[in-house]
Protein chains: 2
Amino acid sequence: MSSSSRAPSGVLQTADRALLVLAAFTEREPEHGVSDLARRLDLDKSQVQRLMATLARRDFLVADPRTRRYRLGPALVGLGRLAERGDGISTVVRPILLDLSETTGESTVFNVADGGRYRCSVAVDQPGPFRYTSAVGQLFPGHGGASGHAIFAFYPEEEIPALFAPELEGATDATIGTRAELRRRYAEVRERGYAVSFGEHDARVVGVAAPVFAHGTVLGSVAVVGAAAHLRPQLDAIAERVVAAADALTQRFGSPPGAPQPD
Amino acid sequence: MSSSSRAPSGVLQTADRALLVLAAFTEREPEHGVSDLARRLDLDKSQVQRLMATLARRDFLVADPRTRRYRLGPALVGLGRLAERGDGISTVVRPILLDLSETTGESTVFNVADGGRYRCSVAVDQPGPFRYTSAVGQLFPGHGGASGHAIFAFYPEEEIPALFAPELEGATDATIGTRAELRRRYAEVRERGYAVSFGEHDARVVGVAAPVFAHGTVLGSVAVVGAAAHLRPQLDAIAERVVAAADALTQRFGSPPGAPQPD
DNA sequence: AGGAATCGTTGCGATAATCGCAACGGCGTT
DNA sequence: AACGCCGTTGCGATTATCGCAACGATTCCT
C-alpha cells in the first residue's frame, strides 16, 4: 500500500476497490480499459482486470467486445432509479437542507432533473409569513424557476433545444419565453455558479439555486425559496450558502467534475 | 465454502458479494438490516455488516440512524444516470434487439421511462416498405403507443394520475383520451403481459411492446414496430417473442419482481 | 509491411486480507 | 424485569487476494 495510514475499521479492501472502479467512470470519461484504470487507481493490471471482470459478470460493467474497454452496465440503471425513488437519498440530503434552512431562515428544496423537467425530491419547509410548502414528487417544467435554471444551464448543449422547443408556456410575467433569452441566462448562471429567479412561479417568491453534480453531469439543484422582501437584501450571502450546500451534496453523490475522489 | 465447486475463473469473491448485497434491494424491499440480509444471502452477520459498512462509506448505501437499517444511497443515482446516458446499455440491448428484429422481420425499439414519458434508447431499424426510422433520444408522451402502455401499465398507481392529467393530446384517432379508458387498458396490459397499439402514432403502424423490469420497477419496454398489414396476421407469435426479449433484458438489468438472482 | 510496444489475460507463490466464531452492549418486546 | 434479537467488534486459522512475470493478440508506428 502506498498510504501508510491503514484503515483500522472493518472496511473490506477488495469491495472498496470495486466501488472505486465504478466511481472512476464520469461523463467526460465514460469508458476505461484495464491498464488505463490500473494506472489511474495505482493498482496492478491484474487486480483491476479481475475487479472489472467481477463487475462485468453482474452487469455492473459491460465490455465492448470490439475495443475491449468497459462501460457502466445495465445493472446500475435499475439500482440508480430505485435509489432515486426510495428515501435513502433524503437521509443524506435532509440534514444538509436542514442546516441550510436554519442558517437562512427560509424553505429549502432539492430538485432532480427528470426527463427535461425537474422533480421536487426533498424539501424542508420553514414556517413563516410566506410559508412556501413544497410539493414533494411534483414535476416542474425545466425552463422555469431558479432550480430549473441551475440544472439545465449545465445540461449538454444538444439536449436543450429538443427539450424546450415544444412547451414554452409560463405562469408569471417574469417567465422567460424565447429560447435565445434562455440561452443567454444560462450563460450567466454558468458564469456565476448559481441561479436567481424573481417571482417566476409566484411574483412574491424568490428562489436561489445551485447545481449538484454527479460524475460530471448535473443531477439536480439545491434551492432556497422564500419571500422576496426577506431574501433580496441578503442575496449574496444566501447564494454563497446555497452553493456550499450544493457542493457538499456533490461530494456525497459522486465525484465533482474535476475533483479527487473521497479518500 | 459450503459449495465444493470453486469458481475457476478470476472472480473476486468479496467484490462479488458486495454486488450481491446491492442487488438484494428491490422496490418491494427497499431497506435491509444486517441480520436480515445475512440470512437471505446465507452469509455470516459479521461479513454482511462489513460489506454494508464498506458500501455505506462510499455512499452506495445509507444507514438510517434511527432504524439501523440500510437503503440504497446517492452514489448509485449518478452512476445509474451515467449508465443510462452512455452507450454501455446498447452493448447489451442491441444484440437482443437484433435477434428480435431478425426473427420478426420488423424494426425493434427499447424505450425507457423518463419522468412520466418515455425515451427511445436503442433502436434497430429494419429496411422495408414501411421503414419505420426511430428517433433515438426522443421523448414521447407516456400515454401513447404500445411502448408507453407496456411501461406505465406497471407503474405505481399513485404516480399515474399526476403524470397524465395535464397533457392528454394525441396524434391519431386511436389515441386514448379519457383517464378511465386508459386505466382500463392498463388492466388488460397487466393481465396479458404485453401491449398492442393499432396505429396510435401512425395509422398504418402497429406496435407490440412488453415491459422490462429492474429490481421490481418498470424500467422500460421492448417493442416491435411495423406495418399493420404484416404484423396483424402473426400477432400472437410476435407478442411471444417480444415478451421473451423483454424477459431476457429484465435478467440483465436486474432481478425480476419475484425471480431468483443470477447465480 | 514489419517490428515494437501495449493491451488484456492467466499462473502461481507469498502474504495479507478475509471469514467465521464467539462475545458484548444496547433495545424493543414479552 | 428478563429475554431475545439487533448491530458491532476481536481474534485466530485459513483462504482469498495481490503482485510479479509471462503469454498471445492486437495496435501503433516507422
Side-chain angles (χ1 to χ4, degrees), chain A residues 1-22 24-25 29-58 60-71 73 88 91 263, chain B residues 1-22 24-25 29 31-58 60-73 88 91 263:
Chain A
M1 274 0 40
S2 55
S3 146
S4 62
S5 73
R6 183 78 56 74
S9 166
V11 176
L12 301 185
Q13 186 186 73
T14 311
D16 194 58
R17 287 177 171 169
L19 304 185
L20 279 183
V21 168
L22 288 179
F25 290 84
E29 303 188 335
E31 69 174 29
H32 287 290
V34 171
S35 304
D36 177 13
L37 255 187
R39 263 188 292 277
R40 182 176 311 236
L41 301 178
D42 199 38
L43 296 174
D44 195 81
K45 274 192 305 181
S46 62
Q47 177 69 352
V48 175
Q49 128 75 8
R50 287 187 256 253
L51 283 168
M52 295 180 104
T54 304
L55 289 163
R57 214 152 311 211
R58 298 283 179 194
F60 281 70
L61 293 181
V62 289
D64 186 337
R66 288 191 354 91
T67 67
R68 296 271 115 188
R69 312 192 75 187
Y70 288 86
R71 295 175 165 276
T91 308
D263 184 331
Chain B
M1 245 53 340
S2 57
S3 148
S4 63
S5 74
R6 183 79 59 74
S9 167
V11 177
L12 301 185
Q13 186 186 71
T14 310
D16 194 57
R17 285 177 172 168
L19 304 184
L20 279 183
V21 168
L22 289 179
F25 291 84
E29 304 188 334
E31 67 175 31
H32 287 290
V34 170
S35 306
D36 178 11
L37 256 188
R39 264 188 292 277
R40 183 176 310 236
L41 301 178
D42 196 41
L43 296 173
D44 194 81
K45 273 192 306 183
S46 61
Q47 177 70 351
V48 175
Q49 130 72 9
R50 287 187 256 253
L51 282 168
M52 294 179 105
T54 304
L55 289 163
R57 212 152 310 211
R58 298 282 178 193
F60 280 71
L61 294 180
V62 288
D64 185 339
R66 290 192 350 92
T67 66
R68 293 274 115 187
R69 311 191 77 190
Y70 287 87
R71 295 177 165 274
L72 295 178
T91 308
D263 181 332

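Residue numbers begin at 1 in each chain, while the letters A, B, ... track the order of the sequences. All heavy atoms count here, side chains included; hydrogens, waters and symmetry mates do not.
Contact annotation: the side chain of B:L51 never approaches that of B:L37 to less than 4.5 Å [non-hydrogen atoms, C-beta and beyond]. For the pair B:V62/B:Y70, no side-chain contact is recorded, criterion being any heavy-atom separation below 4.5 Å from C-beta on. Here the side chains of A:R50 and B:V11 are not in contact, with every heavy-atom distance at 4.5 Å or above.
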What does the 5'-to-3' dot-bracket notation of DNA chain C look like when only Watson-Crick and G-U wobble pairs under 3.5 Å count, and pairs to other strands show as |?
||||||||||||||||||||||||||||||
Report the C-alpha distance between B:V34 and B:M52 in whole Å, list the side-chain angles of each, state the deciding distance to 0.1 Å, and finish with yes or no for side chain to side chain contact (heavy atoms under 4.5 Å, CB included).
CA-CA 8 Å; B:V34 170; B:M52 294 179 105; 4.1 Å; yes
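Base engagement by A:S46 is indicated by at least one non-hydrogen atom pair under 4.0 Å involving a base atom.
A close approach under 4.0 Å does occur between a side-chain nitrogen or oxygen of A:Q13 and OP1 or OP2 of D:dC18. Contact between the side-chain N/O atoms of B:R17 and the OP1/OP2 oxygens of C:dC19 is found at a separation under 4.0 Å. Distances shorter than 4.0 Å separate some side-chain N or O of A:R68 from OP1 or OP2 on C:dT9. Dashed line: the shortest gap from a side-chain N or O of A:Q49 to OP1 or OP2 of C:dT9 is under 4.0 Å. Listed pair B:T14 / D:dA16 fails the phosphate criterion, with no side-chain N or O lying under 4.0 Å from OP1 or OP2.
Between B:R57 and A:D16 there is no salt bridge, since no side-chain N of the basic residue sits under 4.0 Å from a carboxylate O of the acidic one. The pair B:E29-B:R40 counts as a salt bridge, with a side-chain nitrogen and a carboxylate oxygen less than 4.0 angstrom apart.
Judged by distance alone with a 3.5 Å cut-off, no donor-acceptor contact links the side chain of A:R69 to the base of C:dG8.
Looking at the side chain of A:K45, the nearest of the listed nucleotides D:dG7, C:dT9, D:dC20 is C:dT9.
Side-chain atoms of B:H32 come within 3.5 Å of backbone N or O of B:A24 as a donor-acceptor pair. At least one donor-acceptor pair closer than 3.5 Å links the side chain of B:T54 to the backbone N or O of A:L12.
Computed from coordinates, the B:L12 CG to C:dT18 P distance equals 11 Å when rounded to whole Å. Rounded to an integer number of Å, the gap from A:R50 CZ to D:dC20 P is 12 Å. In this structure, A:M52 atom CE and C:dG8 atom C1' are separated by 11 Å, rounded to whole Å. Spacing between atom NE2 of B:H32 and atom C1' of D:dC6 amounts to 16 Å, rounded to whole angstrom units. Between the OH atom of B:Y70 and the C1' atom of D:dG7 there is a distance of 8 Å, given to the nearest Å. Nucleotide D:dT14 holds its C1' atom 15 Å from the CG atom of B:D44, rounded to whole Å. Separating the CG atom of B:L51 from the P atom of C:dG20 is a distance of 11 Å, rounded to the nearest angstrom. As rounded to whole Å, 16 Å separates atom C1' of D:dC18 from atom CG of A:L20.
Taking all atoms of both residues into account, the shortest heavy-atom contact from B:A53 to A:G10 is CB-O, 4.4 Å.
Partners of A:R69 by salt bridge (charged side-chain N to carboxylate O under 4.0 Å, His left out), not counting sequence neighbours, listed by chain and number: A:E31, A:D36.
The stretch residues 34-41 of chain A touches DNA chain C through A:V34, A:S35, A:R39, each having a heavy atom under 4.0 angstrom from the strand.
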